[in-house]
Asker: 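Below: one structure in structure tokens.
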Amino acid sequence: MTGKILATYEYTPAKVERGYAGKTLYINLSDMTIKEKPVTEKMKELFVGGRGFGLWYLWNAVSSDTKWNDPENEIIIAGGPICGITQYPGSGKAAVVTLSPLTGCPMDNNVGGYFAPLLKFSGWDALEIQGKSDRDVIVFIDGNRGKVVIEDASDEPADTHLLAEKLTEKYADSEEDKRNISVVSSGKGAENTLIGMLNVSFYDVKRKAVRVKQAGRGGSGTVFRDKKIKAVVVKYKGVTGDSNNPADKKKIINAALRLHKEIFELDKLQNRMREVGTANLVEVMNDYDLLPVMNFQYGSHPDANRITSKVFREKYFTQNVPDNCWYGCSLSCAKAVDNYEVKTGPYKGQKVCVDAAEYETIAAVAANCGIFDPEYVIEANFYCDTYGLDTISFGNIVGFAMECYERGIINKEITGGLELKFGNADAALELLHQMAKGEGFGKIAGQGVKSLREYILEKTGADAKLLRDISMEIKGLEVSMYVSKESLAQQGGYAFANKGPQHDEAWLIFMDMVNKQIPTFEDKAEALHYFPIFRTWFSLQGLCKLPWNDIVPADNAMTDEPHKIPAHVQNYVDLFNGVTGKNITKEELLLQSERVFNFQRIFNLKMGKGTREYDMPPFRLLGPATKEEYESRAERYDKQLKELGYDIEGKTTEEKMALLRQYRESQFEKLTDAVYKRRGWNKNGVPTLETVKKLGIDFPEVVELIAKYQE
Amino acid sequence: MIKVNNEDMDFTDGMTVEDVLKIKKYSHPMITVIVNGKVIPVDSYSTYKVKDGDVINVIHMMSGGC
Ligand code: SF4
């Protein structure tokens, strides 16, 4: 059944040339306008694609006063020039950009599934959605017929596992045709919280099931549902290895062959991504005291062995099916649990296929809440996905609420009767269902950790400093799943990240804490300059980060800079040149990223943030915030204080904590200075005029904006 | 005494690279072990004997969801 057609637009699909369709699709849901915009050479030159295009469109769409739920806010979904090639692993990603309800600043996510490649081959380098509909809609893009339709979707379900399947059935002409469809959807949870995420589907031919990957962070799903979009569907039949019409296919194939060979020979000895996906990190992080346990109080737990990749592999993951989220990805990390019988909530008794479970999810929903139960992980993972909720934010919220409950800061009166003790899986699931329905304590908790902290403060008059110390958010976004207490560089990696504390900008814990390769402030600053910039590049191109460093050539350790994986950087240079016909060097590759990275920082400034004060982490990110944490690792901390020259004989834990805190906070300030300097920013964290000129982003609006912050 | 990633560690007679990794709980699959500047092949971790005073670097690569 088709809902009432609200708008139709017919177009002649552009042929993709050298990675670009040359046009983007603009939709305004307030007045149902649909139109196309040209992709200019200048846009390509300055912003490349993907996240770059998203930020540029969003910058032009919003003013400093725009709030996430104003009609001016946009959601932009874009691949990038390399997006859609089928030869090189990890080439089907979409960047999603919007103003975040959690941070008030631009949010970017990099997500798998088939949407971005199919969108491009349908003739669009980006989809830009502005405005707000007055009723639920589905946007359907038919890339073969050259037609865009907005339909009334009032009667459709919101939750993803129902909707994505229904729409795949509806728009596919046959079983065979299902692989030509990708659905972007969210769920009821996104309507009733600020932590809504987007699911992007692909049809798994082997499992005969619709699978979903997530644009998880910062509330993109909340914006999506606020615009009253139930789904965006793209359909395109005819993907081939040449759909991008690359300039020099040989370059691409040569790079691809090198990587496939590495993956087939070495993955089994390295990360076993093909076998267990990212779940292998649970045991590794637990061993290195980096797995967030009970709201980041601790870094390991004896019961963590119940939620390791071994358990998921032996009992839950459907075996012998290397899964990828776009054609040609032999790293195939996208694991799933088939035929899972749902145990709680509205879908109890249904048998479903769950895209479970990635490391971040296991760490967040389980270890961080003190729950070491794999079936609970799958249940929570299923519901977060179908409700359209970010598992990382969810796990942080529950962990924080549980700690407040256990410390007696909140009680059943506040939680509406929920016994939020660490380890209480039933209470965590009940809270999840409440969030989705927008009821009870779930409604309050679903606004995110920052808002929950403010609520608790107001209701209880609890110690504000303690609450800030233990609420794991920066810029309003909840921290992703690594304990950074013993790595100063990672503290910076989290705190300075443009969108908020997500590890995709920088993950430096091993280099810093274990390998001791970046001992000085200058070394750390160099790493915090290079890696965030390099990593930004993936989201400009439509690439996945995992094939960069989750598999490395056998001789990588012998290279000058093993952590950069020089051979893979060269592959990326070859891919870009192979697709676009340009001839960039690896330095120019970095420049593409540095430009967008700084532009995003300045965008934060435009939204009234983006200065040093917004880069301040909660103390727990830097060290032990409570007596229990200090005493659980007393040997470590005592040793450090002694090495620093403190006489700690006879001192109480509180006194020692104060000394350590003073020291660590001063280290963090020094790191901040060093990083800002290396990045070409002033002491307040604002890019200097010289920096924006060097990068070619000295537009009048930018210059005027940063001028106010120059010393 | 030996040095492992810049930290002192007690030396015991007959200690192998594998023992060092176990004691340090270095379980990450993507590591390279370098003893006094020389890379030790993975298949000899259990047989390679460490000597007193050796300087060992165990280089961990980044990986995973990170
Ligand atoms: S490595 Fe995993 S997430 Fe990345 S493209 Fe391949 S299957 Fe998708």
Side-chain angles (χ1 to χ4, degrees), chain A residues 266-273 277-290 300 309 333 358-363 392 480-482 490 493 502-511 513-517 519 531 535 545-546 548-552 554-558 562-563 565, chain B:
Chain A
L266 301 170
D267 178 58
K268 51 187 177 290
L269 305 172
Q270 295 180 5
N271 282 329
R272 298 179 297 131
M273 299 295 276
T278 60
N280 71 79
L281 284 176
V282 176
E283 44 269 37
V284 173
M285 294 303 146
N286 191 57
D287 280 350
Y288 289 80
D289 210 25
L290 297 169
S300 59
S309 64
C333 77
E358 295 194 36
Y359 166 71
E360 297 291 334
T361 295
I362 304 173
I392 297 178
S480 74
M481 290 294 127
Y482 301 93
Q490 186 58 29
Q502 172 74 355
H503 53 277
D504 60 352
E505 258 200 25
W507 199 90
L508 301 170
I509 301 184
F510 282 157
M511 271 181 95
M513 177 187 107
V514 186
N515 304 342
K516 312 263 173 10
Q517 287 169 306
F531 288 104
R535 283 167 169 254
K545 168 254 141 197
L546 299 179
W548 163 54
N549 72 347
D550 274 84
I551 179 79
V552 302
D555 60 356
N556 184 62
M558 312 300 168
H563 282 90
I565 334 277
Chain B
M1 200 68 89
I2 55 175
K3 260 219 183 320
V4 183
N5 284 7
N6 238 351
E7 274 172 14
D8 289 336
M9 184 173 150
D10 287 334
F11 170 78
T12 46
D13 257 345
M15 195 178 215
T16 64
V17 164
E18 191 175 84
D19 297 331
V20 172
L21 297 179
K22 268 206 191 117
I23 295 166
K24 294 292 278 185
K25 281 180 97 180
Y26 285 166
S27 61
H28 187 48
M30 289 173 79
I31 55 170
T32 304
V33 180
I34 303 168
V35 180
N36 303 326
K38 204 178 112 209
V39 176
I40 309 302
V42 182
D43 52 13
S44 32
Y45 288 174
S46 57
T47 49
Y48 189 95
K49 296 251 189 320
V50 175
K51 295 187 299 307
D52 200 4
D54 275 354
V55 176
I56 304 176
N57 286 307
V58 184
I59 302 298
H60 291 60
M61 295 303 297
M62 297 174 272
S63 73
C66 36

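Convention: sequence-line order gives letters A, B, ...; per-chain numbering from 1.
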Asker: Find the distance between CG (A/Leu281) and NE2 (B/His28) and round it off to the nearest 0.5 Å.
Answerer: 7.5 Å
Asker: Would you mind checking which part of B/Asn6 comes under 4.5 Å of any heavy atom in chain A, side chain (CB onward), backbone (N, CA, C, O), both or neither?
Answerer: side chain
Asker: With respect to chain B, which residue among A/Asp289, A/Val514, A/Ile565, A/Val284 yields the maximal number of heavy-atom pairs within a distance under 4.5 Å?
Answerer: A/Val514
Asker: Tell me whether the count of non-hydrogen atoms from other residues, nucleotides or ligands lying under 6.0 Å of CG in B/Asp52 goes above 12.
Answerer: yes
Asker: What part of A/Met558 gets closer than 4.5 Å to chain B, counting heavy atoms only: side chain, backbone, both or neither?
Answerer: side chain
Asker: I need the residue from A/Gln502, A/Gln517, A/Met511, A/Glu283 with the largest number of non-hydrogen atom pairs under 4.5 Å to chain B.
Answerer: A/Gln517
Asker: What part of A/Leu266 lies closer than 4.5 angstrom to a heavy atom of chain B: side chain, backbone, both or neither?
Answerer: neither
Asker: Would B/Met61 and A/Asn549 count as a side chain to side chain contact (heavy atoms under 4.5 Å, CB included) here? Give the steps.
Answerer: CA-CA 8 Å; B/Met61 295 303 297; A/Asn549 72 347; 5.7 Å; no
Asker: Crowded around B/Lys22 NZ? As in, over 12 foreign heavy atoms under 6.0 Å?
Answerer: no
Asker: Nearest 0.5 Å please: distance from the CD1 atom of B/Ile31 over to the CD atom of A/Gln270.
Answerer: 11.5 Å
Asker: Which pair of heavy atoms, one from A/Val552 and one from B/Met30, lies closest together, and at what distance?
Answerer: CG1-CE, 3.7 Å
Asker: Main chain of A/Tyr288, side chain of B/Tyr26: is a donor-acceptor contact present, judged purely on distance under 3.5 Å?
Answerer: no
Asker: Answer yes or no: does atom CG of A/Asp555 have more than 12 heavy-atom neighbours from other residues, nucleotides or ligands under 6.0 Å?
Answerer: yes
Asker: Is chain A contacted by the side chain of B/Val58, its backbone, both, or neither, given a heavy-atom distance below 4.5 Å?
Answerer: backbone
Asker: Check whether B/Ser27 gets within reach of chain A through its side chain, its backbone, both or neither, counting any heavy atom under 4.5 Å.
Answerer: both
Asker: Do side-chain atoms of A/Asn515 reach the backbone of B/His60 as a donor and acceptor pair under 3.5 angstrom?
Answerer: yes
